[in-house]
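Working notes for the structure below.
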Amino acid sequence: MIPRPLFLLLALTSPLLAENWPQWRGPRLDGTSKDAGFPITTEGNVTWQVELPGSGHASPIIWEDKIFTVAALPEDEERVLLCHDRATGNLLWQSIVLKAPKEGTHKLNSLASSTPATDGQSIFTAFLDNTETDATRAINAGKEFGKGEVPKGTVVISAHDIAGKPLWQVRPGLFSSKHGFCSSPILFEDKVIVNCDHDGDGYIVALAKADGKELWRIARPNNTRSYCVPLIRDIGGRTQMVLSGTMCVASYDPRTGKELWMINGPTEQFVASLVFSDKTGLLYMTGGFPEHHLLAIKPDGSGNITDTHIAWRTNKGVAYVPSPIVEGDHLLIVSDSGVAHCFDAKTGEIAWEERMREHHASLTSAEGRVYFVNDFGVLRTVKPGKTYELLAESELKEKVFASPALSEGQIFIRTDKSLICLGKRSSAKTAAR
């Protein structure tokens with residue numbers, strides 16, 4: 001019998017098995033799928049489409065026969081976890097995670113923007129609770145909130161079992177941002193890791209998957225809001241957890257929280273996750289606000305590597321919200337305003353650019369193709385290369401702010417109204433590239 005931890009690791013990462021899409025940006029946290037048989041257009045490929053309750057920008061996640069996502073029901077002040085049947089789209093169960101008053105959000109944010117995560121045994125969620133507590137009352141009392149400031153709420157991390165039964169719920173700290181809350185939990189070994197950069201004492205916290213017990217905590221510098229979900233990868237001869245945010249780019253050991261290296265800046269606020277290229281050995285960071293930067297970073301340094309480990313940089317083709325993707329020899333990015341760029345990942349040379357209208361969903365890829373879904377629900381499938389090669393363009397006919405999930409030849413897309421399944425389920429795998 002395979003020990004449970006090893007089984008879960010294999011189920012998440014083994015190239016011999018069909019892939020689940022268990023968390024933000026999939027099994028490798030980078031938007032890529034190694035499965036095959038995916039459609040390139042919506043036309044003739046809508047397997048099912050079901051209406052979702054409430055609202056939310058969180059992406060769906062996939063584990064075998066089940067699809068999970070979250071939603072906010074403002075009229076009931078509820079935040080809920082949803083489970084749908086993969087074959088039909090039917091709602092299997094809906095579980096209340098939290099009852100809380102509505103917090104203020106940016107017009108492009110929602111009350112349910114944090115993508116959940118699962119290991120096939122439990123589902124983990126993150127929300128903000130603006131209910132007044134002794135802790136928030138003490139820190140907010142007597143304070144005059146200036147422009148751009150909001151009272152602090154409490155981060156709530158919860159675990160449910162595969163049938164929707166609550167397992168545990170913890171409140172690891174406070175959070176404040178005029179743009180609202182979004183912090184997708186990610187899983188690593190026995191840990192649930194949550195980034196809570198905000199306009200206050202920012203932190204990253206690791207909780208035990210079994211019971212929510214705090215395992216380590218990182219005090220973040222600079223106390224500036226950002227929304228970057230970390231990337232965890234074995235790179236530079238060690239396991240690294242890398243993210244941008246709060247005026248820096250930093251790498252930590254995800255087992256202990258120990259800082260490995262840091263780059264100052266290059267700007268204040270960040271949203272997009274980093275990606276890594278096995279071919280070039282470089283990390284890629286795009287962001288942010290108020291300045292726009294794209295960095296290619298050598299990940300083998302220690303300490304402050306600002307002046308020594310940036311392989312190339314540019315201010316062109318930068319995204320703030322949508323996360324980029326590495327496909328083959330290319331790095332692809334689409335800006336919030338909808339201008340897509342394809343870079344040579346090694347040199348930073350721009351191969352092409354293309355206008356696609358406003359865009360906030362992150363990029364995904366499979367079988368050497370990259371999927372772009374803009375805010376208006378237009379799906380473009382592109383083959384990366386020295387010239388722009390559009391394979392297909394089709395419409396979902398609803399607005400889209402969530403990122404797609406890819407698994408076993410099917411693409412799952414959450415719109416502002418619906419959950420849509422494209423394609424037929426297949427266990428085929430792509431050849432190693």
Item checked: Verdict with supporting geometry, Asp30 and Thr32, side-chain hydrogen bond (donor to acceptor under 3.5 Å, both in side chains) -> CA-CA 6 Å; Asp30 64 358; Thr32 64; 2.7 Å; yes
Notebook entry, point to check: Would Val318 and His293 satisfy side chain to side chain contact (heavy atoms under 4.5 Å, CB included), going step by step from the backbone distance to the final call?
Noted result: CA-CA 6 Å; Val318 177; His293 296 268; 5.6 Å; no
Margin query: Show, in sequence, the C-alpha distance, side-chain angles and deciding distance for Glu398 and Ser418, and conclude whether the side-chain hydrogen bond (donor to acceptor under 3.5 Å, both in side chains) test is met.
Written below: CA-CA 8 Å; Glu398 294 179 3; Ser418 308; 3.0 Å; yes
Check: Under the side chain to side chain contact (heavy atoms under 4.5 Å, CB included) criterion, do Ile263 and Ile297 qualify, and how do the steps go?
Finding: CA-CA 9 Å; Ile263 291 174; Ile297 302 167; 3.8 Å; yes
Next item on the list: I would like to know whether Phe181 and Phe175 meet ring pair (Phe, Tyr, Trp, His ring centres under 6.0 Å); could you show each step before the answer?
Entry: CA-CA 8 Å; Phe181 180 73; Phe175 185 94; 5.0 Å; yes
Check: After noting the C-alpha distance and the side-chain angles of Trp63 and Trp21, does the key distance pass the side chain to side chain contact (heavy atoms under 4.5 Å, CB included) rule?
Finding: CA-CA 6 Å; Trp63 191 278; Trp21 194 271; over 6 Å; no
Next item on the list: Give the intermediate values and the outcome of side-chain hydrogen bond (donor to acceptor under 3.5 Å, both in side chains) for residues Asp234 and Thr239.
Entry: CA-CA 4 Å; Asp234 288 332; Thr239 305; 2.5 Å; yes
Check: Passes side chain to side chain contact (heavy atoms under 4.5 Å, CB included), Arg86 versus Arg425? Steps please.
Finding: CA-CA 9 Å; Arg86 179 176 187 151; Arg425 191 172 184 180; 3.7 Å; yes
Item checked: Trace of the side-chain hydrogen bond (donor to acceptor under 3.5 Å, both in side chains) decision for Ser426 with Glu408 -> CA-CA 5 Å; Ser426 167; Glu408 298 183 68; over 6 Å; no
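Classification of Glu19 and Lys34 as a salt-bridged pair fails, no side-chain N sitting under 4.0 Å from a carboxylate O. Salt bridge status for Asp329 with Lys279: present, with a side-chain N to carboxylate O gap under 4.0 Å. With respect to Glu103 and Arg79, a salt bridge is recorded, a charged nitrogen being found less than 4.0 Å from a carboxylate O.
Taking each heavy atom of Thr246 and Pro221 in turn, the nearest pair found is OG1-O, 2.5 Å. Between Gly89 and His84, the closest heavy-atom pair is O-ND1, 2.8 Å. Here the closest heavy-atom approach between residue Pro53 and residue Ala71 is recorded as O-CB, 3.5 Å. Residues His341 and Val339 share a closest heavy-atom pair of CE1-CG1, 3.4 Å. Contact between Thr115 and Trp24 at its shortest, heavy atoms only, is OG1-CE3, 3.8 Å. When all heavy atoms of Leu167 and Ser122 are compared, the closest pair comes out as CD1-OG, 3.4 Å.
Within a 6.0 Å sphere centred on CD of Glu189, other residues, nucleotides and ligands contribute more than 12 heavy atoms.
In this structure, His359 and Val321 have side chains that are not in contact, with every pair of non-hydrogen atoms separated by 4.5 Å or more. With contacts defined as side-chain heavy-atom distances shorter than 4.5 Å, the pair Trp168/Phe124 qualifies. With contacts defined as side-chain heavy-atom distances shorter than 4.5 Å, the pair Arg225/Glu268 does not qualify. Side-chain contact between Asp197 and Tyr203: absent, with no pair of heavy atoms (C-beta onward) separated by less than 4.5 Å. Looking only at side-chain heavy atoms (C-beta outward), Gln23 and Ser184 stay at 4.5 Å or farther from each other. You'll find the side chain of Ile413 reaches within 4.5 Å of the side chain of Ile411, heavy atoms only. Residues Ser176 and His198 have side chains in contact (heavy-atom distance under 4.5 Å, counting atoms from C-beta outward). Under the 4.5 Å side-chain criterion, counting only non-hydrogen atoms from C-beta, Val382 is in contact with Trp352.
Residue Lys99 is tested with Glu77, Glu78, Glu75 for a salt bridge (charged side-chain N to carboxylate O under 4.0 Å, His left out); the sole match is Glu78. Residue Ile193 is tested with Ile218, Ile204, Leu187, Val205 for a side-chain contact (heavy atoms from CB on, under 4.5 Å); the sole match is Ile204.
In this view, Tyr227 satisfies the ring-ring contact (aromatic ring centres under 6.0 Å, His included) rule with no residue, not counting sequence neighbours. When the side-chain hydrogen bond (donor to acceptor under 3.5 Å, both in side chains) test is applied to Thr280, the partners found at least two apart in sequence or on another chain are Ser277, Tyr284. Contacts of Thr133 classified as side-chain contact (heavy atoms from CB on, under 4.5 Å), with partners at least two apart in sequence or in another chain: Ala135, Thr136, Thr154. With sequence neighbours excluded, the residues that form a side-chain hydrogen bond (donor to acceptor under 3.5 Å, both in side chains) with His360 are Asp375. Shown here are the side-chain hydrogen bond (donor to acceptor under 3.5 Å, both in side chains) partners of Thr88, two or more places apart in sequence or in another chain: Asp85, Asn90. With sequence neighbours excluded, the residues that form a side-chain hydrogen bond (donor to acceptor under 3.5 Å, both in side chains) with Asn109 are Ser113.
Between the side chains of Ser251 and Gln240, at least one donor N or O lies within less than 3.5 Å of an accepting N or O. With hydrogens and angles left out, the side-chain atoms of Thr69 and Arg414 include a donor and acceptor closer than 3.5 Å. No side-chain donor from either of Thr42 and Glu395 sits under 3.5 Å from a side-chain acceptor of the other. Gln269 and Glu291 share no donor-acceptor pair across their side chains, judged by distance under 3.5 Å alone. Using modelled atom types and a 3.5 Å distance limit, the side chains of Gln169 and Ser158 yield a donor-acceptor pair.
Taking the ring axis of Phe38 as reference, the NZ or CZ atom of Arg369 does not stay both within 45° of it and closer than 6.0 Å to the ring centre.
Here the straight-line distance linking atom CG of Asp199 with atom OG of Ser177 works out to 5.5 Å at 0.5 Å rounding.
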